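Following: one structure in C-alpha cells, then a few remarks.
Quick caveat, the model's predicted, so the values are computed rather than measured. Residue numbers start at 1 and run along the sequence shown.
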Amino acid sequence: MAEKKNTAEEQIPDKEEAIKIYDPALSPLFDRFREKINKIQQEAPQLLHLEGGSAELRTAFAHYYAALFFCQSPEQCFHDRENAALYGECFKPCIHCPECYKVAAHMHPDFIVFDTREAHIEIDSMRELKKISMEAPRFAKKRLVLLLETQKLSVYSGNAILKLLEEPSPYNQYVFTMSQREMILPTLLSRGFVMTLPWKDSLQELTETEKEWETILIRFFQNGAGLLDKTSPKGAVDAEAAKLICGLLQKNFAHAMAGRKNYLLASLFSTLTFDKLFEINERVVTCYEMLNLMVNPTYTIEALLTEIFVTLKTAGLK
C-alpha cells in the first residue's frame, strides 16, 4: 500500500512536469535566439523585456533566462561559467539540475514571479518587493524578478514597478514579458533592453471559441449589431470567456500598433491614433482587474465593448 502524502508533498510539482515549461524555448527553431539570450545574460541588463512570439514562448524564454542565472550542475558550475565568459563562450543551463527545477517550479528563493495572467498585481506586492530588494539574495549572486505579460499591468502597478527600477538595488535584475513593446508604459520600456522573439501568425493560434468571438466583435464594431444576442442568455459570458475576449482585443491592438492590417479586427483599430490605442488598452487592463475582483463578467465585457465601439465611431469609422 502506497504511503499517503501530506499536504506539503502534494503541492510540490513533479520534476518532469515542471521542467516542461522550458520546452518551447529548446526547439531547434530557436537555436539563434538561445545563443542571443545566452550572450545577453553574460552582461545582463537591469531589465530585459521579452516581446513577440506567443505567451507560451515568452514564458519559456523567461524561465530559460532565469535558469542561466541559477543553474549549478556539476558540469557547469559558477566557476566554469566565469571561465567560459573569459574565452567568449556561452554558458548554457542544464535544465535538469535541482536549481533549474526550482526555477521551473517557482520554488527558488531568489527567483520571484508575478503572473498577471492569474491575478492582478497589487500595490502592496510592489511595496513588499521593495523591502526584499534591499536584502541580499539568499543563495545566488543575484535575485531575478519575473513579471509575465506586463501589458496587463494597471497604470498604478506599472508606476510602482517603475519606482523600483529608478532606485536600483545592486542585488536585483528583472525580466518582463509582453505581447508587444508598444503595449506598456513608455517610461517602463525605456528602462530595459528589448529582445524580440519571432512573431507567429496569430490567425493560426486562434481556437474555435476565439474565432467565434472575433466574428462577433468585428460585426459589432462595424455596425453595432449582434453582441447582445450572444451575451443576453444567462451564463453565456463567464469570467473565462470575458478574459478570452480581453486577450483577443489586446492581440489585435498589438497588430494595429505594428501596422499589420491583414487582420480584419486589427484593421478596424488601425483607424485610431497610437495614444487612443494605448488608452483603450488601459481600459482592457481595468476590465481584467474587475474580472479578478469577480465583478459580473457580462456587465463588465458589455461595458468594455460598448466603450470601444463608441471610440471607433468617434474616430470616424464608417
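Applying the ring pair (Phe, Tyr, Trp, His ring centres under 6.0 Å) criterion to Phe309, with sequence neighbours excluded, gives Phe220. The side chain to side chain contact (heavy atoms under 4.5 Å, CB included) check on Pro45 picks up Ile40, Leu48, Tyr65, Phe193, with sequence neighbours excluded. With sequence neighbours excluded, no residue forms a side chain to side chain donor-acceptor pair (under 3.5 Å) with Thr150. In this structure, Arg32 has no side chain to side chain contact (heavy atoms under 4.5 Å, CB included) partners at least two apart in sequence or on a different chain. Partners of Arg191 according to the side chain to side chain donor-acceptor pair (under 3.5 Å) rule, which considers only residues two or more places apart in sequence or in another chain, do not exist here.
No donor-acceptor pair under 3.5 Å is formed between the side chain of Arg58 and the backbone N or O of Leu197. A donor-acceptor pair under 3.5 Å is absent between the side-chain atoms of Arg143 and the main chain of Arg138, judged by distance alone. Side-chain N or O atoms of Lys142 include one that pairs as donor or acceptor with a backbone N or O of Pro170 at under 3.5 Å. Side-chain atoms of Ser27 do not come within 3.5 Å of backbone N or O of Asp23 as any donor-acceptor pair. Using a distance-only test at 3.5 Å, with no hydrogens or angles considered, a donor-acceptor pair links the side chain of Thr116 to the main chain of Glu149. A distance-only check finds no donor-acceptor pair linking the side chain of Ser232 to the backbone of Asp229 [under 3.5 Å]. The backbone N or O of Gly247 lies less than 3.5 Å from a partner atom in the side chain of Tyr288, making a donor-acceptor pair. Judged by distance alone, the side chain of Lys141 and the main-chain N or O of Tyr171 form no donor-acceptor pair under 3.5 Å. Although no hydrogens or angles enter the test, the distance criterion places no donor-acceptor pair under 3.5 Å between the side chain of Asn252 and the main chain of Leu265. Between the side chain of His49 and the main chain of Leu189, a donor-acceptor pair closer than 3.5 Å is present.
When the shell of 6.0 Å around CD of Glu56 is examined, it contains 12 or fewer heavy atoms from other residues, nucleotides or ligands. At most 12 heavy atoms of other shown residues, nucleotides or ligands fall within 6.0 angstrom of atom CD in Glu240.
In terms of heavy-atom proximity, Cys71 sits nearest to Cys94 at SG-N, 3.3 Å. Between Ala25 and Phe30 the shortest heavy-atom distance is O-CB, 4.1 Å. When all heavy atoms of Gln46 and Asn172 are compared, the pair lying nearest together is CG-O, 4.4 Å. Closest non-hydrogen pair, Ala104 versus Ala18, comes out as CB-O, 3.3 Å. Thr231 and Ala236 make their closest contact through O-CB, 4.3 Å (heavy atoms, listed as atom of the first residue, atom of the second, distance). Nearest approach of Arg283 to Glu307, heavy atoms of both residues: NE-OE1, 2.7 Å.
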Show me, pair by pair, the donor-acceptor contacts under 3.5 angstrom made by side chains of residues 293-301, not counting sequence neighbours?
residue, atom, partner, partner atom, Å
Asn296, OD1, Thr298, N, 2.9
Asn296, OD1, Tyr299, N, 3.1
Thr298, OG1, Val237, O, 3.4
Thr300, OG1, Asn296, O, 2.7

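Side-chain heavy atoms closer than 4.5 Å link hydrophobic residues (I, L, V, M, F, W, Y) into clusters, and following such links, even through other members, never connects Met134 to Leu144. Taken together through direct or relayed side-chain contacts under 4.5 Å among Ile, Leu, Val, Met, Phe, Trp and Tyr, Tyr64 and Leu146 form part of one hydrophobic cluster. Grouping the Ile, Leu, Val, Met, Phe, Trp and Tyr side chains by contacts below 4.5 angstrom, directly or via other members, places Leu165 with Leu147. Under a hydrophobic-cluster definition in which Ile, Leu, Val, Met, Phe, Trp and Tyr are linked whenever side-chain heavy atoms come within less than 4.5 Å, directly or via other members, Trp213 and Leu312 are assigned to the same cluster. A chain of hydrophobic side-chain contacts below 4.5 Å, direct or via other Ile, Leu, Val, Met, Phe, Trp or Tyr residues, connects Ile37 to Ile19.
Put simply, CG on Leu305 and OG1 on Thr311 are 11.0 Å apart, with the number rounded to the nearest 0.5 Å. Summarising the geometry, atom CZ belonging to Phe61 is positioned 13.5 Å from atom CD1 belonging to Ile21; distances are rounded to the nearest 0.5 Å. Distance check, rounded to the nearest 0.5 Å: OH of Tyr263 to OG of Ser270 gives 13.5 Å. Going from atom OG1 of Thr215 over to atom CZ of Arg219 covers 10.5 Å, rounded to the nearest 0.5 Å. Asp115 contributes atom CG, which lies 4.5 Å from atom CG of Leu148 (distance to the nearest 0.5 angstrom). Here CD1 of Ile308 is found 4.5 Å from CZ of Phe221. Values are rounded to the nearest 0.5 Å.
Taking 4.5 Å as the limit, some side-chain heavy atom of Pro13 sits within range of a side-chain heavy atom of Tyr101. Between Leu304 and Leu249, some side-chain heavy-atom pair lies under the 4.5 Å cut-off. When side chains are defined from C-beta on, Tyr22 counts as touching Cys100, because their heavy atoms get closer than 4.5 Å. Contact annotation: the side chain of Leu228 approaches that of Glu302 to within less than 4.5 Å [non-hydrogen atoms, C-beta and beyond]. Contact of the Glu212 side chain with the Ile216 side chain is registered, since non-hydrogen atoms from C-beta on lie closer than 4.5 Å. A 4.5 Å side-chain heavy-atom check between Glu99 and Val103 finds every atom pair outside the cut-off.
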Derivation of the side-chain contact (heavy atoms from CB on, under 4.5 Å) call for His106 and His63: CA-CA 10 Å; His106 297 175; His63 284 79; 2.7 Å; yes
Verdict with reasoning, Phe69 to Phe111, per side-chain contact (heavy atoms from CB on, under 4.5 Å): CA-CA 9 Å; Phe69 280 83; Phe111 182 46; over 6 Å; no
Stepwise side-chain contact (heavy atoms from CB on, under 4.5 Å) check, Tyr174 with Ile161: CA-CA 10 Å; Tyr174 300 82; Ile161 292 174; 5.6 Å; no
Trace of the side-chain contact (heavy atoms from CB on, under 4.5 Å) decision for Phe176 with Ile184: CA-CA 10 Å; Phe176 295 170; Ile184 69 169; 5.7 Å; no
Steps toward salt bridge (Lys or Arg N to Asp or Glu O under 4.0 Å) verdict (Lys276, Glu279): CA-CA 5 Å; Lys276 187 59 70 173; Glu279 183 181 313; 3.5 Å; yes
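Salt-bridge annotation for Lys211 and Glu214: absent, with no side-chain N of the basic residue lying under 4.0 Å from a carboxylate O of the acidic one. Under the 4.0 Å criterion applied to side-chain N and carboxylate O atoms, Lys20 and Glu17 are assigned as salt-bridge partners.
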